[in-house]
*Asks:* 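Let me begin by handing over the structure; questions about it come next.
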Number of protein chains: 2
Amino acid sequence: MNLGRLNHIGIATPSIETSIALYRDLLGATRVHAPFDLPAQGVRVCFIDTPNTQIELIEPLSDESPIAGFIAKNPAGGQHHICFEVPDIHVAIAELGAKGARVLGEPRIGAHGTLIVFVHPKDMGGTLVELMETPREGH
Amino acid sequence: MNLGRLNHIGIATPSIETSIALYRDLLGATRVHAPFDLPAQGVRVCFIDTPNTQIELIEPLSDESPIAGFIAKNPAGGQHHICFEVPDIHVAIAELGAKGARVLGEPRIGAHGTLIVFVHPKDMGGTLVELMETPREGH
């Protein structure tokens, strides 16, 4: 595969509303999408547009959320993952596997409605990388 | 100000060479720029192009480097900062100050040759945000 477009930066937060206020009032974000729940993943998310990519704010829906541990360690929130687009998630996973890199679990439907998977951060220099099949309608 | 273009994602690493191999061999990065030292900032950096932004790999030049502490806490490396472009750094700093947000130190010349400043992560939801005056020639 070729390194694809950066679809978004994932930022974990204890409060999407508080984070929206920071990006809107301090940094001047003008395109803030409506937050929505992804109960299957235990998170509430909100996308904010920059001119060339998006920020994905992620708030845990409960203490069992996959990001609850991150927030426990980083109570103010912080950078959680980066997401690159790929044309085909199964091809990408096979290619990573052939090179000895692990992915976390099976591909699943992500916040933009296409298949996603996470690369194990231990195989990616400590950074949690999400791969996402390119959404049909831009981002 | 309006939220500007995401110029780059800053990724700290104990070894730029090891990280280049990961982004090139695992994720398929094809445009890897030559690494260079920024001795005034105590770091060596390397930019990798994605179709819409850049990754900035950052390696400490010594134990006194501003990112040596980050690597001590995260020996494998990890996400360090995100950088947005602004038209005028002094206007941006004044606007942040008027809204009660602190910046770290005085503006200085960054890796793309324009003025940069960092917003205090305690005022930005735990995320270290760099603001950079837009480079003249794209990124």
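Sequence lines set the chain letters: A, B, ... in the order given, protein chains first and strands last, and positions in each chain run from 1.
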*Asks:* For Val91(A), what are the other residues in its hydrophobic cluster, where any two members join if their side-chain heavy atoms are less than 4.5 angstrom apart?
*Replies:*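 Same cluster as Val91(A): nobody, lone residue.
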*Asks:* Do Leu3(B) and Val86(B) belong to the same hydrophobic cluster, where Ile, Leu, Val, Met, Phe, Trp and Tyr are linked whenever their side-chain heavy atoms lie under 4.5 Å apart, directly or via other members?
*Replies:*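 Same hydrophobic cluster.
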*Asks:* Check for me, please, whether Leu131(A) and Leu115(A) land in the same ILVMFWY cluster - side-chain distances under 4.5 Å, paths through other members count.
*Replies:*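 In one cluster: yes.
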*Asks:* Chain A: which of Leu22(B), Val119(B), Ile11(B) shares the most heavy-atom pairs with it under 4.5 Å?
*Replies:*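 Max contact count across the listed options: Leu22(B).
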*Asks:* Other hydrophobic cluster members with Met132(A), side-chain heavy atoms of Ile/Leu/Val/Met/Phe/Trp/Tyr under 4.5 Å, chained?
*Replies:*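 Traced through the cluster, Met132(A) reaches Leu104(A), Ile116(A), Phe118(A), Leu128(A).
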*Asks:* What is the distance from atom CG of Leu6(A) to atom CG of Leu6(B), rounded to the nearest 0.5 Å?
*Replies:*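 Leu6(A) CG to Leu6(B) CG: 6.5 Å, rounded to 0.5 Å.
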*Asks:* Name the region of Leu27(A), side chain, backbone, both or neither, that has any atom closer than 4.5 Å to a heavy atom of chain B.
*Replies:*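 Contact with chain B is through both the backbone and side chain of Leu27(A).
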*Asks:* Give the cluster check for Ile9(B) versus Val32(B): same hydrophobic cluster or not, with ILVMFWY residues linked at side-chain heavy-atom distances below 4.5 Å.
*Replies:*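 Hydrophobic grouping puts Ile9(B) with Val32(B).
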*Asks:* Could you have a look at Ala101(A), Gly100(A), Gly78(A), Ala98(A) and say which one has the most heavy-atom pairs with chain B under 4.5 angstrom?
*Replies:*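 Most pairs with chain B among the choices: Gly78(A).
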*Asks:* Which atom pairs, one donor and one acceptor, sit under 3.5 Å between chain B and chain A?
*Replies:*
from	atom 1	to	atom 2	distance (Å)
Leu3(B)	N	Leu27(A)	O	3.1
Leu3(B)	N	Gly28(A)	O	3.0
Leu6(B)	N	Asn52(A)	OD1	2.8
Leu6(B)	O	Asn52(A)	ND2	3.0
Asp25(B)	O	Lys99(A)	NZ	2.8
Leu27(B)	O	Leu3(A)	N	3.1
Gly28(B)	O	Leu3(A)	N	3.0
Asn52(B)	O	Asn52(A)	ND2	2.9
Asn52(B)	OD1	Leu6(A)	N	2.8
Asn52(B)	ND2	Leu6(A)	O	3.0
Asn52(B)	ND2	Asn52(A)	O	2.9
Gln79(B)	NE2	His80(A)	O	3.3
His80(B)	O	Gln79(A)	NE2	3.2
Lys99(B)	NZ	Asp25(A)	O	2.8

*Asks:* Do Val129(A) and Leu26(B) make a side-chain contact, defined as non-hydrogen atoms from C-beta onward lying under 4.5 Å apart?
*Replies:*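 They are not in contact (no side-chain heavy atoms under 4.5 Å apart), so the answer is no.
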*Asks:* Could you see if Ile20(A) belongs to whatever hydrophobic cluster contains Ile67(A)? Use Ile, Leu, Val, Met, Phe, Trp, Tyr and a side-chain cutoff under 4.5 Å.
*Replies:*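 Hydrophobic grouping puts Ile20(A) apart from Ile67(A).
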*Asks:* Consider only side-chain heavy atoms of I, L, V, M, F, W and Y, link residues closer than 4.5 Å, and tell whether Met124(B) and Met1(B) are in one cluster.
*Replies:*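 Yes, same cluster.
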